[in-house]
Student: 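Supplied in C-alpha cells, the structure appears directly below.
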2 protein chains.
Amino acid sequence: MGTVSKALNLLGYFNHGRLEIGLSDLTRLSGMNKATVYRLMTELQAVGFVEQVDGARSYRLGPQVLRLAALREASVPILSASRRVLRELSEETGETTHLSLLQGDQLASLSHAYAPQHATKVMMEDAEVLTFHGTASGLAVLGFADDSFVAAILDGPLEARTPQTQTDPAAIRRLIDAARRTGMAQSVGGFEAEVHSHAVPIFGPDRAVLGALAVAAPSSRMTDTQKQAIPRALRAAGLALTQRIGGVCPPDFPPMPLP
Amino acid sequence: MGTVSKALNLLGYFNHGRLEIGLSDLTRLSGMNKATVYRLMTELQAVGFVEQVDGARSYRLGPQVLRLAALREASVPILSASRRVLRELSEETGETTHLSLLQGDQLASLSHAYAPQHATKVMMEDAEVLTFHGTASGLAVLGFADDSFVAAILDGPLEARTPQTQTDPAAIRRLIDAARRTGMAQSVGGFEAEVHSHAVPIFGPDRAVLGALAVAAPSSRMTDTQKQAIPRALRAAGLALTQRIGGVCPPDFPPMPLP
DNA sequence: AACCAATGGTTCAAATAATGAACCAGATGC
DNA sequence: GCATCTGGTTCATTATTTGAACCATTGGTT
C-alpha cells in the first residue's frame with residue numbers, strides 16, 4: 001500500500017460519531033506511527049482535505065471535499081436525480097426512504113427523505129456506512145454483485161448490530177439468492193431494532209449494481225396493506241431511478257409484475 | 001511537496017469543462033512523469049477517489065468524495081444553512097444568488113439559487129472556481145483576508161476573463177479597501193460580461209472570512225431601485241448566514257446601516 | 001507542589017517507496 | 001504501411017518515508 005492510500009485511509013476513520021479526531025486517536029485507530037500520521041495529516045491539511053478546528057487540536061474534514069463532491073455530481077448526477085424519486089416515494093409510502101451507494105467495498109447511505117405523515121419515523125443520517133448482511137440495501141446490492149465480492153463479504157466477519165441480525169453465512173446466502181430472484185430484499189431489525197426495511201438495487205449504464213433504494217418503516221406500522229404497497233411503489237421507484245441515471249438492468253433482473 | 005499532495009493536486013485539474021481526464025492529458029497538465037501520474041491515479045482509484053469510466057480509458061472523480069462531503073456537512077453545515085438564505089435572497093431580489101467558499105487559496109462557488117421571476121437570469125454551476133480580482137465575491141473575501149494572502153493574490157498573475165476585468169494591482173487594491181470599509185464589494189462584468197454582482201463576506205466562529213454571499217444580475221436590470229434594494233437585502237442575508245453557522249463578524253466590520 | 005500520564009509536535013539514521021527514461025502493445029490517422 | 005497517438009509497464013537510481021526516542025504542555029491525582 002502506497003503513501004497516498006495510507007493518507008486517504010486515514011479519512012475513513014471519520015464518521016458521524018467521530019467528526020473530529022485528534023492525533024493520538026488517529027494513531028491508535030490506524031495502528032501507524034504517530035510521526036507518520038502527523039506528517040500525513042499535515043499534508044492533507046495543506047491541500048484542504050482536513051483542517052484543524054482552531055489553531056491547534058483535533059482534525060476534521062476540510063472544505064476541499066465539497067468542491068470535489070460537486071464535480072462528482074456534475075459527472076454522475078445520481079444524488080440530484082435521487083432527490084425527487086426519494087421524495088415521491090416517501091410521500092407515496094408514508095415512510096422514510098434513502099439511497100445508498102457502493103463506494104469500493106463499502107455501502108454508504110447518502111441521501112434520504114422523510115414522509116410528513118407520521119409523528120414517528122425512522123431517522124437517517126447521510127454518510128452512514130451500512131452493513132451488507134444486516135440491511136435490506138446491503139442484501140439487495142449483494143444479490144446483483146460479483147460472486148467474488150459476495151464471497152468476500154460472507155467470508156469476512158459478520159457483526160451482529162442487533163440481536164435480530166442474521167450472522168450465519170449460509171442463511172445470508174439464501175437471503176442474497178432470494179434478493180436476486182425477486183429483485184428485492186428485506187431486513188427486519190437487522191441494523192436498527194424495530195425497523196423493517198425493503199430495498200431494490202440501482203444499476204449503472206454498464207449494468208453493474210451501484211447501490212440500493214430503500215424504504216424503512218417502524219415494524220409496528222408494517223401492516224398487511226403496507227407489505228403489499230411498499231414493495232410495489234419501491235420497485236417502480238427503483239426502475240425509475242435506474243432509468244433517470246441512464247442505467248440498465250441486468251438481463252436476469254425480474255421485470256415488474258403486472259398490476 | 002510530498003507524494004500525498006502531488007496525488008491530491010491531480011484532482012485539482014478536474015473542473016466543469018474537464019470532468020474526465022485521460023492519463024496523457026493529466027501528465028501534460030501536471031508536468032509530472034507519466035509513470036508517476038499513472039501510479040498515483042491507480043492509487044487514488046483503489047481508494048475510490050477517482051474511477052475509470054468503463055473498464056479502461058479516462059478518469060473521473062469517484063464516489064468516495066460524496067461520503068466525505070456529507071461528513072464535512074455534518075461537521076460544518078454551511079451549505080445546508082445557506083440553502084434557505086439563498087432561496088429567500090433570490091426571491092427578495094428577483095435575481096440569481098450564490099455562495100462561494102474559500103478552499104485553501106481558491107474560491108469556489110458551491111451553492112446557488114435562482115429567482116423564478118425572470119425569463120433571463122445569470123446561470124451558475126456549482127464547484128466553479130472564481131477569480132479573486134474579477135468577482136464581487138473574491139473582492140469581498142479579500143477585504144477581510146490576511147494581508148499576506150491579499151499580497152500573494154495581487155502579486156500573482158491577474159488574468160482578464162473579460163475586457164472589463166480590472167487587472168491593475170493598484171486599482172484592485174483600492175477595490176479591496178473599499179470592500180473592507182463598506183463591508184460589500186461589486187463587480188461589473190469582471191468575470192462574465194453583462195453581469196453585475198454584489199457580494200458580502202461570511203465569517204466563521206474565529207472571525208476569519210470563510211467565503212462570500214453574492215447576488216448576480218444582468219447589467220441591464222441593475223436599475224437605481226435595484227442598486228438600493230440588492231445591497232440592503234444582501235447585507236441582511238450575509239449577517240443572517242454568518243449567524244446561522246455560529247460565525248462572528250470581525251470588530252471592524254461595518255454594522256448594518258439603520259433603515 | 002510534586003508526580004504521572006496524557007496530549008500534539010519534532011528529530012534523524014535506516015529502510016523503503018517513489019521516480020523517470022525507456023519500452024510494449026494496441027488504436028487511430030494518413 | 002508508416003507515424004503517432006494512447007494507456008500501461010519495467011527497473012536501477014534516488015529521494016522520501018518511516019519509527020523509536022525525545023520535547024514541551026496540559027490536566028488530573030496524590
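Below, chains carry the letters A, B, ... as their sequence lines are ordered, and counting in each starts from 1. Being a predicted model, the structure only gives us computed values, none of them experimental.
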Student: Does A:Thr36 make a side-chain N or O approach to OP1 or OP2 of D:dG19 shorter than 4.0 Å?
Tutor: yes

Student: Set out, in order, the CA-CA distance, both residues' side-chain angles and the distance that settles side chain to side chain contact (heavy atoms under 4.5 Å, CB included) for B:Thr162 and B:Phe191, then state yes or no.
Tutor: CA-CA 6 Å; B:Thr162 75; B:Phe191 196 68; 5.8 Å; no

Student: D:dG7 P sits how many Å from B:Tyr38 OH, rounded?
Tutor: 11 Å

Student: Rounded to whole Å, please give me the gap between CD in A:Glu20 and P in C:dG8.
Tutor: 12 Å

Student: D:dG8 phosphate, OP1 or OP2: any side-chain N/O from B:Tyr59 under 4.0 angstrom?
Tutor: yes

Student: Regarding B:Ser109 and B:Glu128, is there a side-chain donor-to-acceptor distance under 3.5 Å anywhere?
Tutor: no

Student: Measuring from the side chain of A:Ala35 (C-beta onward, heavy atoms only), which nucleotide among C:dT19, D:dT18, C:dT10 has the closest atom?
Tutor: C:dT10

Student: Looking only at side-chain atoms of B:Ser24, point me to the closest of D:dT17, D:dT6, D:dG19.
Tutor: D:dT6

Student: Rounded to whole Å, how long is the line connecting atom CE of A:Met41 with atom P of C:dT10?
Tutor: 15 Å

Student: Provide, to the nearest angstrom, the distance between the CG atom belonging to A:Leu26 and the C1' atom belonging to C:dA6.
Tutor: 17 Å

Student: Select from B:Glu43 and A:Asp25 the residue whose nearest nucleotide in DNA chain C is closer to the 5' end of that strand.
Tutor: A:Asp25

Student: Salt bridge or not for B:Arg72 and A:Glu51, using N-O below 4.0 Å?
Tutor: yes

Student: Does A:Leu23 or A:Gly2 map to a spot on DNA chain C nearer the 5' end, using the closest nucleotide for each?
Tutor: A:Leu23

Student: If we check side chain to side chain contact (heavy atoms under 4.5 Å, CB included) with A:Thr27, which of these qualifies: A:Met41, A:Lys34, A:Met32?
Tutor: A:Lys34

Student: For C:dA17 and B:Thr3 - does any side-chain N or O of the residue sit under 4.0 Å from the phosphate oxygens OP1/OP2?
Tutor: no

Student: A:Lys6 NZ to D:dT17 P: how many Å, rounded?
Tutor: 10 Å

Student: At less than 4.0 Å, is any side-chain N or O atom of A:Arg28 found next to OP1 or OP2 of C:dT7? Yes or no.
Tutor: yes

Student: Within the structure, does a side-chain N or O atom of B:Gln52 lie under 4.0 Å from either OP1 or OP2 of D:dG8?
Tutor: yes

Student: I'd like to know if the side chain of A:Thr165 reaches the main chain of A:Ala160, judged simply by a donor and an acceptor atom lying under 3.5 Å from each other, with no hydrogens or angles considered.
Tutor: no

Student: For A:Asn33 and C:dG9, give me the distance from atom CG to atom P, rounded to whole Å.
Tutor: 15 Å

Student: Tell me whether the side-chain N or O atoms of A:Lys34 pair up with the base of C:dG9 as donor and acceptor below 3.5 Å, since no angle test is needed here.
Tutor: yes

Student: Could you state the atom-to-atom distance from CZ of B:Arg39 to P of C:dT16 in whole Å?
Tutor: 17 Å

Student: Rounding to an integer number of Å, can you tell me how far A:Leu40 CG sits from D:dT16 P?
Tutor: 15 Å

